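Computed from a predicted structure; not experimentally measured. Per chain, numbering begins at 1; letters A, B, ... match sequence-line order.
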There are 2 protein chains.
Amino acid sequence: MATSFLTINKNILFYSAAFASLLLLLKLLETQLLFTTYLFELYITAVALIFTALGVWLALKLVQPKTVVVEKAVYLPASANFVLNEAALAALGLSHRELEVLQLMAAGYSNQQIAGRLFVSLNTIKTHSSKIFEKMQVQRRTQAVDKARRLGIVV
Amino acid sequence: MATSFLTINKNILFYSAAFASLLLLLKLLETQLLFTTYLFELYITAVALIFTALGVWLALKLVQPKTVVVEKAVYLPASANFVLNEAALAALGLSHRELEVLQLMAAGYSNQQIAGRLFVSLNTIKTHSSKIFEKMQVQRRTQAVDKARRLGIVV
DNA sequence: TTGGCACTCATACTTTAGGGTGATTTTGAT
DNA sequence: ATCAAAATCACCCTAAAGTATGAGTGCCAA
């Protein structure tokens with residue numbers, strides 16, 4: 001709050017200063033006959049430059065900053081009983097369906113069997129598994145299962 | 001390559017058109033005595049608007065939206081408090097080499113990678129895995145890994 | 001010394017998994 | 001109402017996994 005207000009004020013001050021400098025420049029130029037013939041062109045150029053800068057400033061200021069997800073360390077409870085690690089699951093961005101497929105993978109089912117269990121086609125399971133591997137940054141289902149177990153998102 | 005060049009060309013064309021329109025507007029205004037007194041102000045306003053737009057366009061176009069999302073979950077190391085179930089292992093009748101292969105399978109390695117690690121050929125690993133599946137009475141490596149985990153003969 | 005077992009490797013073949021692309025439908029949130 | 005993500009499915013192709021069979025070597029115990 002306070003910082004943004006200060007920032008805006010600083011910008012206003014900057015722009016005022018720039019404008020004053022421009023006016024001063026114009027006055028100076030008016031006194032010089034040599035430059036009088038090019039006064040109009042100079043003026044336009046200055047205006048163009050200044051408002052280009054204004055546009056840049058506007059765009060950079062108004063475009064909302066991108067959200068940066070902070071790194072987080074998630075540790076499993078050292079106990080034997082399983083609790084789903086919601087944080088890790090959320091971090092991976094797996095959808096509900098993808099989690100289902102992953103769990104069946106971990107149980108040792110083939111894609112064909114998973115398709116049968118979930119009443120969808122083999123191709124659908126292939127699509128799901130591809131997205132799972134992509135999101136988990138692995139190449140094979142065994143890697144995915146191993147990682148999922150260590151993350152605590154699968155039994 | 002080709003697309004960016006085309007895009008730039010399109011932008012150049014757009015700006016040329018805008019500029020031509022502006023000149024035309026000026027000519028029109030010059031013919032109107034009524035507007036002549038405000039011609040300079042109008043001109044400046046137009047230039048300001050156009051170059052503000054240019055600034056916005058520049059900023060949005062040139063500033064690449066690099067959103068670096070650092071998402072990292074720390075998971076359990078492979079062996080936390082694991083105790084090998086000797087009895088289950090003996091009951092399965094797995095040989096030492098077969099257990100090695102099974103453990104690497106559980107870690108998510110491909111047959112080719114396992115072969116490289118154990119300095120043997122891919123075919124040898126295939127033979128081993130076939131015998132493993134036979135002894136464990138499973139069909140797939142994922143099933144073998146799952147069963148091995150539940151039996152406590154693998155991390 | 002010999003038969004069984006573990007380990008190795010090969011060839012040939014079938015099945016499953018995975019990558020890439022594109023499309024449609026459902027659903028959820030604004 | 002509309003836009004984005006999720007979920008569904010298809011086709012094509014390559015890679016990996018798995019099956020079957022046979023075979024050579026070395027080791028150990030009967």
Using side chain to side chain contact (heavy atoms under 4.5 Å, CB included) as the criterion, list what pairs up with A/Gln113, not counting sequence neighbours.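 For A/Gln113 the side chain to side chain contact (heavy atoms under 4.5 Å, CB included) partners, ignoring immediate neighbours, are A/Tyr109, A/Ser110, B/Arg140.
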
Does a side-chain N or O of [X] approach OP1 or OP2 of [N] to a distance below 4.0 Å, or not?
X	N	result
B/Arg97	C/dT8	yes
B/His128	C/dC7	no
A/Ser95	D/dA7	yes
A/Arg140	C/dG18	no

Quick one, [X] and [Y] - any side-chain contact, counting heavy atoms below 4.5 Å?
X	Y	answer
A/Val145	B/Val145	no
A/Leu92	A/Ile132	no
A/Ile153	A/Leu94	yes

Give every residue pair that meets the side chain to side chain donor-acceptor pair (under 3.5 Å) criterion with at least one member in residues 127-138 of chain B, sequence neighbours excluded.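 Sorted result for residues 127-138 of chain B: B/Glu98-B/Lys135.
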
Could you name each residue pair satisfying side chain to side chain donor-acceptor pair (under 3.5 Å) that touches residues 141-155 of chain B, not counting sequence neighbours?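 For residues 141-155 of chain B, and leaving out neighbouring residues, the side chain to side chain donor-acceptor pair (under 3.5 Å) pairs sorted by first residue read A/Asp146-B/Arg149, A/Arg149-B/Asp146, B/Asn111-B/Arg141, B/Asp146-B/Arg150.
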
Work out how much the helix from C/dT1-D/dA30 to C/dT30-D/dA1 bends between its end axes, five pairs an end, to the nearest 10 degrees.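 So the angle between the two local helix axes works out to 60°.
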
Select base, sugar-phosphate, or nothing to describe what B/Ser130 touches, counting heavy atoms under 4.0 Å on all strands.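 Result for B/Ser130 = base.
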
Between A/His96 (NE2) and D/dA6 (P), how many Å, whole number?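 Rounding to the nearest Å, NE2 of A/His96 and P of D/dA6 are 14 Å apart.
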
Just how far, in rounded Å, is C1' of D/dA15 from CD of A/Gln139?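 Going from CD in A/Gln139 over to C1' in D/dA15 covers 13 Å.
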
Pairwise 5' ranking along DNA chain D for A/Lys131 and B/Tyr109, keeping only the more 5' one: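 Going by which nucleotide is closer to the 5' end, it is A/Lys131.
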
Scan residues 111-126 of chain A against DNA chain D and write down, sorted by residue number, each residue with any heavy atom closer than 4.0 Å; if none is found, say none.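 By residue number: A/Val120, A/Ser121, A/Asn123, A/Thr124.
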
Nucleotide N/O to protein N/O under 3.5 Å, stretch nucleotides 21-27 of chain C:
none

Reference residue A/Leu104; test side chain to side chain contact (heavy atoms under 4.5 Å, CB included); the match among A/Leu118, A/Val154, A/Ile125: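 Only one of A/Leu118, A/Val154, A/Ile125 forms a side chain to side chain contact (heavy atoms under 4.5 Å, CB included) with A/Leu104, namely A/Leu118.
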
